[in-house]
Amino acid sequence: MQKPILEVNGLKKYFDIKGGVFGRKIGEVKAVDDVSFSVMSGEILGIVGESGCGKSTTGKSILRLIEPSEGEVKFEDQEITKLSDEEMRKLRRNMQIIFQDPYASLNPRHTVEKIISEPLLIHGMKNTKERKERVKELLEVVGLSGYHASRYPHQFSGGQRQRIGIARALANNPKLIICDEPVSALDVSVQSQILNLMEDLRDQFNLTYVFIAHDLSVVKHISDRVGVMYLGRMVELTDKDKLYDDPKHPYTRALLSAVPLPDPDVEKDRMILKGDVPSPSNPPSGCAFHTRCPLAMDVCKEVRPQFEEIEDNHFVACHLYGPAVQ
Amino acid sequence: MTEEILKIKDLHTHFFTDNGEIPAVDGVSLSIKKGEVVGIVGESGCGKSVTSLSIMQLIPSPPGKIVSGTIDFKGENLVHASNKRIKQIRGNEISMIFQEPMTSLDPLFTIGNQIREAIRIHQKVSKKEANQKSVEMLKLVGIPRAEEVMNDYPHQLSGGMRQRVMIAIAMACDPEILIADEPTTALDVTIQAQILDLMKKLNEEKETAVLLITHDLGVVAEICDRVVVMYAGQVVEEGTTREILKDPRHPYSQGLIRSLPKLHEKDQKLYSIPGTVPKPKMGMVGCRFRDRCRFVHERCYQENPELFSLENNRLSRCFLSDDAEGKVVKDAEANIGS
Amino acid sequence: GDGSATGGETDDEPTENGSETEDIDESDATEDDGEEQVLIFARGGDSESLDPGSTTDGESSRVTRQVLESLLEFDKESFEVKPALAHDWDVSEDGLTYTFYLEEGVTFHDGTDFNAEAVKVNFERWSDPEHEYAFTDDGYVYSMYGTMFGGFKGDEGHVIQEINVVSDHEIEFVLSRPLGFFLQNMAMTYFAITSPAALEEYGAAINENPVGTGPFKFVNWSKDDSLTLEKFEDYRVEGLPKLDRVVFEVIPDNAARLISLRSGEIDIMDGLNPDDAVGVESDDSLVLHTRAENNFGYVGFNVQKEPLDQLEVRQAINHAIDREAIAEALYAGYANPAKNPLPPSYMGYNDEVVEYEYDLDRAKELLAEAGYEDGLEIELWTMPVARPYMPDPETVAEIVQSNLADIGIEVKIVREEWAPYLEKTLQGEQQMFMLGWSGTNGDPDYFLSSLLHGSNVGSSNRTFYENDEVDELLDQAKVAIDQDERAEFYKQAQELIAEDSPMVTLVHSTPVLATTSSVVNYVPHPSTSESLAEVELQN
Amino acid sequence: MFAYTMRRLLMLIPVLIGMTLITFSIVHLIPGNPAQVILGETATATAIQDLEESMGLNKPYPVQYTIYITDLLQGDLGTSLRSKSPISSEIWPYIAATFELTIFAMLFAVFIGVNAGIISAWKQNSWFDFLAMLFALIGVSMPVFWLALMEQWIFAQQLDWFPSSGRQNNRDPMEPITYFYVLDSLIHLDFARTITNLKHLVLPSIALGTIPMAIIARMTRSSMLEVMKSDYIRTVRAKGSGQFLVIYKHALKNALIPVLTVIGLQTGVLLGGAILTETIFSWPGIGRYVYEAISYRDYPVIQSGILVIAFIFVMINLIVDLLYKYIDPRIKY
Amino acid sequence: MKVISPWRDSFRQLRKNRFALFGFGIIVFFILLGLLAPLLTSYSYDATDPVNRLQPPSAENWLGTDDIGRDIFTRIAYGARVSLQVGFFAVTGALIFGTILGIVAGYFGRWIDMIISRIFDILLAFPSILLAIAIVAILGPSLENALIAIAIINIPIFGRLVRSKVISLREEEFVMAAKAQGMKNGRLIFHHILPNSIAPIIVQATLGFGTAILEAAALGFLGLGAQPPTPEWGAMLASSRAFIQLAPWTLIVPGVSIMLVVLGFNLIGDGLRDALDPKMKN
Ligand SMILES: Nc1ncnc2c1ncn2[C@@H]1O[C@H](COP(=O)(O)OP(=O)(O)OP(=O)(O)O)[C@@H](O)[C@H]1O
Ligand SMILES: Nc1ncnc2c1ncn2[C@@H]1O[C@H](COP(=O)(O)OP(=O)(O)OP(=O)(O)O)[C@@H](O)[C@H]1O
Ligand SMILES: [Mg+2]
Ligand SMILES: [Mg+2]
């Protein structure tokens with residue numbers, strides 16, 4: 001088996017909530033609460049979960065765009081949470097990110113040329129002509145043309161902008177790209193274009209992706225392994241086929257059954273969850289899912305289940321598979 | 001076969017902006033029968049919302065205006081109805097819910113106030129009666145602790161709850177038609193499942209006709225009887241849900257369905273429609289989809305395709321559906337489709 | 001008797017006091033002749049304090065003049081001294097002992113009796129910082145006393161050696177040296193007598209609760225707004241005052257004040273723009289009044305600074321300035337060109353002094369003599385505030401500027417705010433500067449010594465002019481008792497001063513004011529504070 | 001809510017301390033000696049010295065500051081150098097005068113401004129909208145003092161409709177109780193006087209209220225237009241409600257939130273910034289009190305006056321914030 | 001497809017705005033008036049002529065004369081220079097310092113933000129005109145010092161604006177993205193944050209031009225601004241104050257001039273706001 005390119009151990013990110021008479025901290029949002037996983041070189045790890053479950057925070061913490069509260073992040077065996085700003089800055093050419101919103105993630109006042117050549121410049125490509133060449137090359141790689149370079153982002157459609165974002169991420173030949181919902185703002189017909197492009201690029205440049213999305217079909221389509229998050233925690237992580245064919249965690253099951261399928265012939269036995277996702281500032285005790293879980297047991301209210309490998313390469317955090325039940 | 005309560009004929013709704021006239025809805029025709037669930041699907045900007053707002057006479061004016069066409073609601077043309085009449089119809093006979101449950105409720109008034117308002121606009125009832133009715137409605141849409149929620153403000157509720165409240169408001173006067181503009185797009189899948197379930201239930205119990213607007217074919221498959229596919233301000237295909245999903249005739253519908261990643265199928269390279277949706281503009285000649293179409297031929301540049309009738313009352317706006325060319329379709333598909 | 005019956009003893013609150021008497025007045029008024037006589041006097045600024053001894057502010061005197069009285073008072077239109085609380089007085093041969101015979105049967109507004117003891121208490125309060133009513137800790141300083149009587153108790157120059165109460169109504173002042181203008185001083189509003197009982201009662205708040213023997217008593221005061229006085233029924237002069245009530249109102253803006261006068265909202269306005277005088281005169285419903293000249297506006301030279309230390313330069317400038325034009329154009333005729341630093345009506349005014357003609361050729365000649373044929377640059381400091389002697393200093397400065405440009409002197413106008421202006425000119429930072437002087441006790445000493453005596457350098461003498469001969473003359477004039485003798489000394493001094501030319505004597509202005517035509521018997525006094533006791537309103 | 005109010009009050013402390021420091025420094029950086037000004041050009045050197053000493057002006061600055069702060073903490077605002085009266089007893093009438101004027105000016109501004117804004121938004125692009133917004137633009141472009149002068153000239157002098165200056169008919173002054181003259185006249189049950197006092201308020205209120213009115217009108221209009229585009233207004237329409245309900249119930253309440261900020265800020269500006277208007281209309285307000293204190297170098301009055309104004313200003317902002325909470329339930333504390 | 005930069009786009013929008021063009025016209029008129037003053041009039045702005053004082057408008061004196069016989073038209077024309085300069089320098093000063101402080105506070109946050117924001121709070125809690133008066137009292141009355149005072153009271157206005165813009169931009173994805181490239185702070189600020197906060201700054205600066213002129217006029221009216229014989233409009237109003245009844249034109253003319261110039265800037269500012277507001281686009 002390949003070496004992991006990225007290892008995340010016990011990652012936590014708590015945001016302070018301020019209030020009260022002195023504006024002191026009166027609580028915290030546990031956006032990411034003890035998440036661990038690793039990503040192999042060349043693989044695509046998908047992360048799914050409902051809105052607010054901490055997917056983006058996980059992604060940004062890995063790149064230290066948000067400083068994690070606790071835990072370690074190892075990139076190519078180097079522990080990066082302890083790096084100085086300058087060391088981190090240098091390392092960034094190897095780790096990139098693509099954002100969800102193709103409108104907000106490009107500087108509206110820069111030309112495409114400038115947007116894509118900037119990372120080149122800051123990582124040492126001082127020659128203007130060289131940069132121009134590279135920009136053209138990158139544009140073509142993502143399916144745009146050299147003449148697009150002189151335009152501004154507002155002159156492009158959503159899909160095209162996402163391509164520009166990808167070109168920018170590719171500029172310095174990174175090894176790892178965190179994709180934070182890169183296609184969820186796009187229309188179906190464009191979404192498939194981008195998904196295909198990303199797959200091609202992975203093969204072409206031997207990239208590793210952490211692919212964040214809330215659309216299970218999309219994640220399934222693109223990933224090798226998939227992790228499911230709920231309320232800041234990873235509840236299940238395994239190969240995609242295993243996950244979709246044999247989901248272990250009740251939440252995963254509910255999630256899968258809730259996806260409407262564009263096929264009138266598929267008969268589904270629906271498992272409709274009751275209620276809403278609890279607030280991450282006040283997550284339920286024990287297993288965070290126990291308030292909505294149809295299979296909840298007494299132990300679920302009190303003990304937080306361990307995230308354990310219950311089968312080969314299949315991690316689940318659920319008491320159904322823990323020693324308590326077995 | 002039951003009667004058609006809403007018939008839209010050749011509707012043209014244009015926006016008159018600084019950058020010229022935009023034909024957002026360009027000759028749309030569709031109809032809904034009593035108790036039926038009709039879906040409108042299509043990509044962003046194809047005119048779904050404008051169509052639905054046109055029915056409600058809620059097009060922001062200026063810059064929008066219904067240029068021509070009729071919207072026939074039980075024999076009455078809404079396009080020319082008086083303001084007073086429109087107010088009577090809105091929320092009472094036809095009501096509407098919107099995509100963003102987060103912003104569709106007035107943040108400064110309690111839930112109770114806003115439902116009550118919907119009732120008292122149309123019914124001469126006391127505040128108390130209206131209150132009772134409101135609580136009933138909240139219970140109907142499955143809100144727990146309905147009495148308490150009456151005194152809550154929108155921000156105290158989750159997105160799913162808010163969408164339920166919106167449905168409660170819309171259903172408060174027992175409308176004959178409920179127009180739902182992407183009611184679940186902003187919600188998580190687990191919540192979406194809840195809402196769709198609720199809408200299906202209401203449709204069955206109250207026999208309310210539903211016009212459901214969405215871009216998610218999955219949602220359509222879930223609850224619609226009939227589907228209208230829109231592209232660039234026009235209807236391009238119409239038929240029953242099963243027909244459209246299983247046997248799409250228009251190249252656009254075909255492409256759309258094939259480009260979806262499938263949850264229960266083995267991986268294969270996704271199909272993708274090349275290019276992007278054209279921006280609507282005046283005086284376009286020819287098929288709007290031609291630049292992205294794999295069956296494009298000369299005629300697509302010269303004529304505007306009409307909605308050709310197919311078997312089972314199906315419609316498709318493609319020359320390939322023209323009888324004369326019917327064969328070509330089959331052949332072409334046989335060639336490329338596999 | 002009922003006025004005194006309701007007086008102070010029972011009422012602590014002056015406002016309560018006011019309201020009660022107000023009721024009584026109203027009933028009186030209806031019984032008598034129906035209409036209440038209320039006069040509104042509008043002015044530009046408010047009084048600082050209603051304790052006359054501790055302030056030098058003219059707006060304060062204007063009000064306290066009505067409420068409190070001094071032993072003597074000035075004649076209606078001049079500085080001639082007349083009896084007031086003292087009906088008579090004696091001066092000893094050596095000029096060192098003054099005996100005053102006080103009016104009998106006079107009561108303060110609070111009902112207590114006026115007597116020699118009260119006079120003594122007041123004078124001691126002013127002269128002795130340790131006195132129980134001196135309120136030194138509350139920031140009270142009696143600077144006018146210090147100025148007029150040569151300092152305070154224990155100071156070397158302090159003139160009043162002792163005050164002896166001879167009897168209830170006879171009091172004797174013993175001086176350490178003769179003081180030519182002692183009687184003038186005794187008539188000043190600053191040295192008006194406050195009821196000792198009130199001092200006891202109000203303590204440091206006496207500045208908001210004046211209690212005297214004057215024709216009007218204090219009712220209330222809304223600062224920067226209005227100050228109300230009402231008739232004192234037991235006033236010592238029978239039949240006075242005529243008015244039932246006087247209200248002093250603050251209207252900071254000259255133009256707004258005139259608007260109010262025109263619309264009849266007010267009856268008397270102080271500080272009319274000379275330019276508006278014509279309009280007032282032609283208006284039948286208004287009457288124009290002038291105050292006698294009692295001031296002097298000048299452009300001073302700092303005689304210790306180059307190039308103004310050269311006599312020729314000073315004289316050149318003097319010749320270059322067109323006083324006539326300034327007086328005519330800017331004061332609309334309500335000013336006379338000045339040739340002496342003393343108003344013409346004053347004793348000792350020297351009319352023989354030859355004035356500096358407006359003569360550009362002569363000016364240029366002098367300048368050339370001084371070595372400045374190619375011109376020079378001079379700073380002119382301009383006062384930032386309007387004063388009676390210079391209602392529009394800015395404009396005067398601009399005219400001086402263009403006058404001097406004609407002889408090749410480039411004038412740079414320097415503007416400071418009033419506070420730093422006074423301070424910096426005192427320290428001699430200026431070259432040329434504008435200022436003036438207003439009389440208070442009608443004595444020439446107050447003008448000439450203050451402005452030009454060498455001992456006042458660093459104080460009120462901002463030209464830094466020192467001439468031993470002049471100083472000598474002024475000193476002699478100060479102690480002489482014979483007024484003719486004094487006048488002679490002053491005349492000689494003026495001669496010398498004119499020659500040395502330490503300043504451009506610009507103008508003596510006659511401040512103009514206006515009343516509605518229903519105001520009768522109003523006579524403006526040169527000191528700016530006049531009694532309103534005889535004023536009446538007629539329809 | 002309570003916690004929030006307390007917190008806001010506590011947050012004021014550093015600001016207030018900062019303010020005392022700044023006012024103290026400003027005051028002592030201003031050149032010029034109060035003793036000199038008080039005594040004027042005819043003062044002798046010794047007189048000035050005596051006065052300085054009695055005013056405590058020759059103590060070192062840190063000592064003076066400490067004295068100032070200790071006094072402040074005991075609620076003692078100091079004693080005016082000029083009038084020798086305690087500021088705390090002297091200042092209230094000025095504050096009341098300014099408050100009264102400010103309240104009427106803001107009533108005028110809010111009433112006209114908000115309604116003009118609503119109608120403009122309602123009838124967007126109509127001639128009313130055009131004219132109202134043109135006037136509003138001219139309103140914000142005018143020097144207030146000039147407007148005041150013109151008003152006085154036209155309405156007081158030429159037309160003689162309103163008194164040109166002062167707060168009341170001084171021929172018959174009233175016994176002040178609260179120093180809010182209109183209120184006082186009501187307490188005295190003297191309604192004729194109320195009318196007179198209101199007449200005195202007309203011109204200064206309009207002069208002072210014009211700029212806020214223009215700002216409020218513009219703000220209301222744009223805020224209304226913004227709100228009218230919102231989803232929840234569309235919802236209300238979809239319910240079948242009439243225009244009036246839409247505008248006056250839903251749109252207005254929502255549009256009011258940014259307008260409220262403007263109202264709060266403008267009220268603060270009027271409180272201290274009305275110096276010129278107060279002078280022109282002889283209105284004995286706090287702005288003039290402080291301004292004159294500056295020219296007289298009356299340090300305690302400058303310090304305490306500015307501090308009081310700033311404090312009131314901050315309190316108004318606090319009230320506005322609390323009002324938000326009242327209008328907008330989303331705001332959490 | 002032509003390349004249209006966002007700036008060009010805004011400019012085109014602005015050109016279509018008739019009100020903004022009108023405002024622009026007013027400003028150009030006064031700029032020309034100021035620049036060409038020596039050509040337009042044969043009088044000098046400080047030449048007194050007491051004999052011809054307070055003359056009503058006539059063929060010789062188009063707008064009449066003031067109380068010492070100076071030609072008002074001439075003074076208005078030269079005064080345009082003064083007012084426009086005051087506006088320009090005061091706004092530039094406030095803009096530079098405000099922007100620097102705002103960026104520092106917004107970008108670096110924490111205690112620096114804390115301190116700078118508190119200082120802004122304190123400065124804003126003082127009524128601005130009082131603060132200006134106090135500053136002028138310290139520095140001494142002159143046009144330059146009035147200008148400094150106006151600049152100072154406007155610093156927190158710009159500072160806050162920039163700070164809030166920077167804080168919101170800091171959270172924007174494109175800034176995140178730039179940071180993720182490994183960009184240094186300086187570049188991030190000058191290439192990404194500043195250019196995107198410039199639109200509201202420009203709008204505020206334009207409107208600030210107007211307010212600065214008004215503030216200068218108020219100080220001038222109080223005698224704390226420009227000193228005679230400088231023909232500053234506010235000071236002109238002050239010196240004519242007494243003649244409103246005798247010679248109303250001496251007050252009307254400078255007042256209307258101030259109003260027009262400020263109106264001009266407000267019109268342009270409004271136009272710019274519409275043109276630069278991203279919400280109006282698309
Ligand atoms: N800067 C922040 N301060 C406070 N709370 C935050 C912050 N950023 C995120 N959160 C909270 O952390 C939780 C996780 O947020 P995150 O953005 O990671 O969710 P997500 O899974 O990416 O959701 P989505 O699908 O909506 O993007 C949410 O409850 C969010 O409110
Ligand atoms: N207020 C408006 N002014 C100008 N053009 C408008 C306006 N509203 C809609 N349009 C145009 O009408 C067209 C159709 O818009 P519509 O909102 O109906 O799309 P939609 O199908 O509902 O898309 P989505 O899935 O994004 O909601 C769009 O191209 C849009 O540009
Ligand atoms: Mg996210
Ligand atoms: Mg839509």
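Proteins get letters first, then strands, A, B, ... in listed order; numbering begins at 1 in each.
Considering only residues two or more places apart in sequence or on other chains, Gln124(D) meets the side chain to side chain donor-acceptor pair (under 3.5 Å) condition with none of them.
Looking at heavy atoms from C-beta onward, Pro329(D) lies in side-chain contact with His155(B) at the 4.5 angstrom threshold.
Within residues 103-129 of chain B, the residues having any heavy atom less than 4.5 Å from a heavy atom of chain D are, in residue-number order, Thr103(B), Ser104(B), Leu105(B), Asp106(B), Pro107(B), Leu108(B), Phe109(B), Asn113(B), Gln114(B), Glu117(B), Ala118(B), Ile121(B), His122(B).
Heavy atoms of Met166(B) lying under 4.5 Å from chain D belong exclusively to its side chain. Looking at Ser241(D), both its backbone and its side chain come within 4.5 Å of chain B, counting heavy atoms on both sides. Contacts of Leu53(B) with chain D are made by side-chain atoms alone, with heavy-atom separations under 4.5 Å and no backbone atom involved.
No other option in Gln99(B), Lys84(B), Arg90(B) has as many heavy-atom pairs under 4.5 Å with chain D as Arg90(B).
At most 12 heavy atoms of other shown residues, nucleotides or ligands fall within 6.0 angstrom of atom CZ in Phe111(D). Counted within 6.0 Å of NZ on Lys249(D), heavy atoms from surrounding residues, nucleotides or ligands total more than 12; the atom is thus considered enclosed.
Separating the CZ atom in Arg237(D) from the CD atom in Gln57(B) is a distance of 12.5 Å, to the nearest 0.5 Å. Distance NZ/Lys239(D) to CD1/Ile169(B): 4.5 Å, rounded to 0.5 Å.
Of all heavy-atom pairs spanning Asp231(D) and Glu100(B), the tightest one is OD2-CB, 3.7 Å.
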